[in-house]
Amino acid sequence: MNTKIVLTGILKDNDEFLVVKRSENDELYPGAWEFPGGHLEMGETLKEGLKRELFEEIGFNSEFELLRIIMMKLKIKMMN
């Protein structure tokens with residue numbers, strides 16, 4: 001089984017949260033709303049990976065602190 005670590009940034013400003021909409025062309029959950037993020041690359045720390053993904057996805061380039069780390073193990077079957 002191929003294991004990937006997925007990082008998600010929940011960005012909060014006062015009482016507002018940032019969510020983004022997936023492309024209608026995405027294979028997994030097209031058009032769904034989600035918190036921005038992506039996969040951890042080999043050799044990255046969690047913070048480095050999240051910082052890279054937030055910049056790639058939404059252009060976010062500010063410093064931040066990791067407040068919580070939640071780990072889950074999910075099996076996702078891709079439908080063809």
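- Other residues, nucleotides and ligands contribute over 12 non-hydrogen atoms within 6.0 Å of the CZ atom of F64.
- Side-chain heavy atoms closer than 4.5 Å link hydrophobic residues (I, L, V, M, F, W, Y) into clusters, and following such links, even through other members, never connects L46 to V6.
- Nearest heavy-atom pair across K12 and N14 is CE-O, 2.7 Å.
- In plain terms, the two heavy atoms of E24 and P30 that are nearest each other are O-CB, 3.3 Å.
- Follow the hydrophobic side-chain contacts under 4.5 Å out from F35 and you never reach Y29; the two are in separate clusters.
- The CG atom of L40 sits 9.5 Å away from atom CG of L50, with the distance rounded to the nearest 0.5 Å.
- E65 and K47 are not joined by a salt bridge, as no carboxylate oxygen comes within less than 4.0 angstrom of a charged side-chain nitrogen.
- At most 12 heavy atoms of other shown residues, nucleotides or ligands fall within 6.0 angstrom of atom CD in E16.
- The shortest heavy-atom contact between G43 and E48 is O-OE1, 4.0 Å.
- For the pair E34 and T8, the minimum side-chain heavy-atom distance is 4.5 Å or more.
- The only option from R52, K51, H39 that meets the side-chain hydrogen bond (donor to acceptor under 3.5 Å, both in side chains) definition with E44 turns out to be R52.
- Under a hydrophobic-cluster definition in which Ile, Leu, Val, Met, Phe, Trp and Tyr are linked whenever side-chain heavy atoms come within less than 4.5 Å, directly or via other members, F17 and V20 are assigned to different clusters.
- The neighbour count for I58 CD1, taken as heavy atoms of other residues, nucleotides or ligands under 6.0 Å away, is above 12.
- By the criterion of side-chain heavy atoms lying less than 4.5 angstrom apart, applied directly or through intervening Ile, Leu, Val, Met, Phe, Trp or Tyr residues, L18 is grouped together with L7 in one hydrophobic cluster.
- The cluster map of Ile, Leu, Val, Met, Phe, Trp and Tyr, joined by side-chain heavy atoms under 4.5 Å apart, puts I10 and V19 in the same cluster.
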